[in-house]
Amino acid sequence: MRAHRRAQRAAVTTGAVLLAAGLLAGCGLSEPDADVPADGRPGHTSAAPTPAGPTDSPRTPELPSELTSQRLDWKRCTAPRGGNAPGSAWRCARVDVPLDYADPSGETLSVALIRKEARDKGRRLGSLLFNFGGPGGSGVATLPRAAGSYAKLNTRYDLVSFDPRGVAASSGVRCRTDKEQEQAHRNVDLTPDTAAEEAAFIEDAAEFGAGCERRSGTVLPHVGTGNAARDLDLIRRVLGDEKLSYFGFSYGTELGGTYAHLFPHTVGRTVLDAAVDPTADGIGHARNQTVGFQRALENYLKDRGQRPKEGSERIARLLARIDRSPLPTDSGRELSESLAITGIVTPLYSESSWPDLTAALDEAENNGTGNGLLRLADSYNGRDEQGRYDTQSHSQRAISCADSTSRPTVDEARALLPEFRELSPVFGPFLAWDTAGWCAEWPVEGEHETPETSAPGAGPVLVVGTTGDPATPYEGARRMADELGEGVGVLLTNKGEGHGAYGSNDCVTSTIDDYFLDGKVPADGRTCG
């Protein structure tokens, strides 16, 4: 549930519903007359790819012309795995990228793209690239589902998204079979209470990494965010855009910040919504999310007329009972404590889903059955009614473990328990143990302790934080804006609930639309709510 885990699923499933729902809230601007024009347009675009120019970072070698001069073959899209083909307005293509950017003339990967062209061709501004989070979310599958939210932007932008390397149609990482995934959910306690449960927990984590290496060993060392950012720049060049216009959500904000660091001089109009805290390491992310999910739970309990402390303790007692005796369901599967926690997490991503949480908790507490919580957990875990799992959790883990050097031990995780329980009796134990299990014995070394997002010389980047965001707590948006640097990071605050603000608050939405379409940069520190 941390920022580098399936918490980002909200931006791919639940959050896509939220974004498309267009939920409107009141808007108050702290400085209503402070709009200033951006420095220039997003960048001239042409039908032909831009020529190779100087790179912004010595860590990004010059690419061969056969990559930078690719011509994309846009065709009608086929149905993604487990989904439906998008409508006739959508076209799909593939772009070749280096497997290893240290050897750009060597082996390549094929990255999947999807596009819906701008409706007003005469006033077209270029391409607007989206990343909806994860890591591991499929942009090719998500963008058509969420596109209704971006209809205004689509007047002047081509809407474009992609499956990042290691994800779905772009050499997606796979680590387990559906049967193995089901067994892990059934047999592994994610909040171990005994030495035997601890051993099984770590053994399962190590087996997951070993499965990734067996099935996806070629791409596994190369799926990190730095390489995805370099792919973004190659996509920009092949699309013919002088600058990158980019809309990133959740983990997509880390990708956008990484891009800004590597390529500051090609940063165009960029929005980072539900920003990840770039200053937090693995334990820091777990701590942030413990605070964030507890805050969201308390806001939910207040909305239901309950006292937050008493309500949280009641839910913690329910989880303890389920740990001792899992709840039956109509499907014949049992609701374990781990699945129950996941079921509670899922509706906290969107205030519109709070009634689902109420119904599921009432059923578990009053009827002693777990149907509602299990349905919510299955949605979060990417499991369909036939018992098939998607592979986002595989890609997510591979990308985050390729990025982070953080490898806490069991002893270190156990030492976190008192602090994390104090922060949240409901989510603290799970997130403390998660620090040790996530990248245990991972076969690939991580790249850094924390991502580098400083971007001196870049144009303004709009960073959006929501005060009630559970997965990427609001404090992270402040830190992202600060890390981007003075004159680059521009903070926009959404006083509200949920993971991601665009489409859920009319003030935020109109501010972002004005920035993308007219170049109006809001005053740093503006507040909507």
Side-chain angles (χ1 to χ4, degrees), residues 37-65 67-70 72 95-98 101 104 111 113 115 118 124-131 139 153 156-162 164-165 224-248 252-272 275 278 451-463 480-481 483-490 512 515-517 519 521:
D39 294 333
R41 294 163 62 83
H44 170 72
T45 61
S46 61
T50 54
T55 57
D56 279 292
S57 169
R59 289 169 286 175
T60 307
E62 187 51 67
L63 301 180
S65 60
L67 293 180
T68 59
S69 62
Q70 294 176 73
L72 298 178
V95 60
D96 291 333
V97 301
Y101 273 90
V111 169
L113 304 174
R115 180 176 72 177
R124 178 180 176 274
L125 292 170
S127 306
L128 178 58
L129 270 76
F130 290 79
N131 182 282
L153 298 175
R156 302 185 67 192
Y157 283 101
D158 296 346
L159 305 183
V160 180
S161 194
F162 61 107
R165 56 173 57 215
T225 300
N227 284 331
R230 295 178 175 94
D231 292 345
L232 259 183
D233 197 60
L234 179 54
I235 292 168
R236 170 194 66 81
R237 295 167 74 171
V238 172
L239 290 173
D241 293 307
E242 289 183 3
K243 292 193 174 185
L244 176 72
S245 296
Y246 177 80
F247 204 161
T253 68
E254 182 175 326
L255 177 57
T258 300
Y259 180 91
H261 174 68
L262 291 175
F263 304 100
H265 300 299
T266 53
V267 172
R269 295 174 189 171
T270 296
V271 174
L272 308 180
E452 179 58 74
T453 58
S454 63
V461 174
L462 186 56
V463 181
M480 175 66 83
E483 288 295 303
L484 286 165
E486 187 175 356
V488 180
V490 178
I512 291 173
Y515 172 54
F516 273 131
L517 295 171
V521 182

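Just so you know, these numbers use all the heavy atoms, side chains as well, and skip hydrogens, waters and symmetry mates.
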Is a side-chain N or O of [X] found less than 3.5 angstrom from the main chain of [Y], in a donor-acceptor match?
X    : Y    : answer
R269 : S245 : no
Y259 : A228 : no
T258 : G256 : no
R237 : D233 : no
E483 : M480 : no

Smallest separation among heavy atoms of [X] and [Y], with atom names:
X    : Y    : result
V488 : A458 : CG2-O, 3.7 Å
P456 : P264 : O-CB, 3.5 Å
G139 : S161 : CA-OG, 3.2 Å
A455 : A260 : CB-O, 3.4 Å
P98  : L63  : CG-CD2, 4.1 Å
K243 : R236 : C-CD, 3.6 Å

Original post:
After noting the C-alpha distance and the side-chain angles of N131 and Y246, does the key distance pass the side chain to side chain donor-acceptor pair (under 3.5 Å) rule?
Top reply: CA-CA 8 Å; N131 182 282; Y246 177 80; 4.6 Å; no
**OP:** Give the intermediate values and the outcome of side-chain contact (heavy atoms from CB on, under 4.5 Å) for residues L129 and L239.
**Re:** CA-CA 10 Å; L129 270 76; L239 290 173; 3.7 Å; yes
Subject >> Verdict with supporting geometry, L153 and L517, side-chain contact (heavy atoms from CB on, under 4.5 Å) >> reply: CA-CA 7 Å; L153 298 175; L517 295 171; 4.0 Å; yes
**OP:** Take V463 and T253 through the test side-chain contact (heavy atoms from CB on, under 4.5 Å) and record every step on the way to the result.
**Re:** CA-CA 8 Å; V463 181; T253 68; over 6 Å; no
Spatial distance of atom [atom1] ([X]) from atom [atom2] ([Y]) [nearest 0.5 Å]:
X    : Y    : atom1 : atom2 : value
L234 : Y101 : CG    : OH    : 5.0 Å
L72  : D96  : CG    : CG    : 9.5 Å
L128 : R115 : CG    : CZ    : 13.5 Å

**OP:** Apply the test side-chain contact (heavy atoms from CB on, under 4.5 Å) to residues T266 and L244: give CA-CA distance (whole Å), side-chain angles for both, the deciding distance (0.1 Å), then the verdict.
**Re:** CA-CA 6 Å; T266 53; L244 176 72; 5.7 Å; no
Original post:
Parallel, tilted or perpendicular: which fits the ring planes of F516 and F247, with parallel below 30° and perpendicular above 60°?
Top reply: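 Correct class here is tilted.
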Original post:
With respect to V461, which candidate in V490, T453, V267 satisfies the side-chain contact (heavy atoms from CB on, under 4.5 Å) definition?
Top reply: V267
